[in-house]
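Working notes for the structure below.
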Amino acid sequence: MKNLEISLLLDFYGDILTEKQKDAIDLYYNEDLSLAEIADHEGITRQGVRDSIKRGEAVLLEMEERLGLARKLRGLQEGISQIVQCAKDIEFYNREYHYSGQIAERASTIINIAAELNAD
């Protein structure tokens with residue numbers, strides 16, 4: 001069973017892998033090729049592909065353990081989602097109880113900024 005986390009980690013840390021490891025992992029996880037297909041493509045044995053993928057996975061997982069960039073990104077995305085939900089709640093209550101145009105404007109600004117941050 002493929003660990004889809006590896007595909008995300010490849011985006012963060014792929015440049016530290018050897019070119020063969022990076023290519024093999026990309027073909028296996030992102031292009032969904034089999035070990036045999038990758039072996040044919042790369043001109044190496046199926047076992048060579050498997051070894052390259054396993055070594056590359058170990059490096060990616062170690063880098064995530066040390067740096068935690070993917071974990072931090074997920075935390076930021078969750079935080080942004082919570083901020084957006086709070087701003088939407090503020091907009092709703094403001095609209096329901098007719099508090100202030102400024103409140104509505106500020107809540108809308110928060111939602112727009114969060115959307116821009118999530119788009120990047």
Report task. With side-chain contact (heavy atoms from CB on, under 4.5 Å) as the test, would you mind laying out the steps for L69 and M63 before giving the verdict? Result -> CA-CA 9 Å; L69 298 178; M63 292 307 297; over 6 Å; no
Query raised in the report: Where do N3 and Y29 come nearest, in terms of heavy atoms and distance?
Result: O-CE2, 3.2 Å
Query raised in the report: Taking atom CG of L27 and atom CD1 of I53, what is their separation to the nearest 0.5 Å?
Result: 8.5 Å
Query raised in the report: Any idea which heavy atoms bring A24 and S52 closest together, and the distance?
Result: CB-OG, 4.2 Å
Query raised in the report: Rounded to the nearest 0.5 Å, what separation is found between the CD atom of Q77 and the CG atom of L73?
Result: 4.0 Å
Query raised in the report: How far apart are the closest heavy atoms of I90 and A107, and which atoms are they?
Result: CG2-CB, 4.1 Å
Query raised in the report: For the hydrophobic clusters of this structure (ILVMFWY residues joined by side-chain heavy atoms under 4.5 Å, transitively), does one cluster hold both I80 and I110?
Result: no
**Report entry** Check against side-chain contact (heavy atoms from CB on, under 4.5 Å), R55 and D51
**Finding:** CA-CA 6 Å; R55 282 192 301 273; D51 291 345; 3.4 Å; yes
Requested in this report: Taking side chain to side chain contact (heavy atoms under 4.5 Å, CB included) as the test, write out the residues that go with D89, two or more places apart.
Outcome: Q85, Y93
Query raised in the report: Do L17 and L10 come within less than 4.5 Å of each other through their side chains, counting heavy atoms only?
Result: yes
Query raised in the report: Would you say the side-chain atoms of E116 pair up with the backbone N or O of I113, donor to acceptor, closer than 3.5 Å?
Result: no
Report task. Take K20 and D23 through the side-chain contact (heavy atoms from CB on, under 4.5 Å) test and state the conclusion after the steps. Result -> CA-CA 5 Å; K20 284 189 178 200; D23 289 344; 5.9 Å; no
Query - CG-CD distance between N94 and Q102, expressed to the nearest 0.5 angstrom - result: 10.5 Å
Query raised in the report: Do I38 and I44 sit in the same hydrophobic cluster, where Ile, Leu, Val, Met, Phe, Trp and Tyr count as joined when their side-chain heavy atoms come under 4.5 Å apart?
Result: yes
Requested in this report: Please examine the side chains of N112 and T109, heavy atoms only from C-beta on, and report whether any two atoms are closer than 4.5 Å.
Outcome: no
Query raised in the report: Can a salt bridge be assigned to the pair K22 and E19 using a cut-off of 4.0 Å between side-chain N and carboxylate O?
Result: no
Query raised in the report: Heavy-atom count around Q47 CD within 6.0 Å, excluding the residue itself: above 12?
Result: yes
Query raised in the report: Should the pair R46-E37 be classified as a salt bridge under the 4.0 Å nitrogen-to-oxygen rule?
Result: no
Query raised in the report: Which heavy-atom pair separates R50 from L35 by the least distance, and what is that distance?
Result: CB-CD1, 4.1 Å
Query raised in the report: Does R66 pair with E62 as a salt bridge, N-O distance under 4.0 Å?
Result: yes
Report task. Can you measure from CZ (R71) to CG (L76) and round to the nearest 0.5 angstrom? Result -> 12.0 Å
Query raised in the report: Please walk me through it: do R74 and E78 pass salt bridge (Lys or Arg N to Asp or Glu O under 4.0 Å)?
Result: CA-CA 6 Å; R74 280 191 298 274; E78 286 177 25; over 6 Å; no
Query raised in the report: Out of curiosity, N30 CG to I6 CD1, how far, rounded to the nearest 0.5 Å?
Result: 11.0 Å
Report task. Report yes or no: do I16 and L8 belong to one cluster of Ile/Leu/Val/Met/Phe/Trp/Tyr joined by side chain heavy-atom distances under 4.5 Å? Result -> yes
Query - Nearest heavy atoms of Y13 and E64, plus distance in Å - result: OH-OE1, 2.6 Å
Report task. Working to the nearest 0.5 Å, report the span between CG of D26 and CG of L33. Result -> 9.0 Å
**Report entry** K88 side chain near V84 side chain, heavy-atom distance below 4.5 Å
**Finding:** yes
Query raised in the report: If Ile, Leu, Val, Met, Phe, Trp and Tyr residues are connected whenever their side-chain heavy atoms lie under 4.5 Å apart, and connections chain through other members, are Y97 and F92 in the same group?
Result: yes
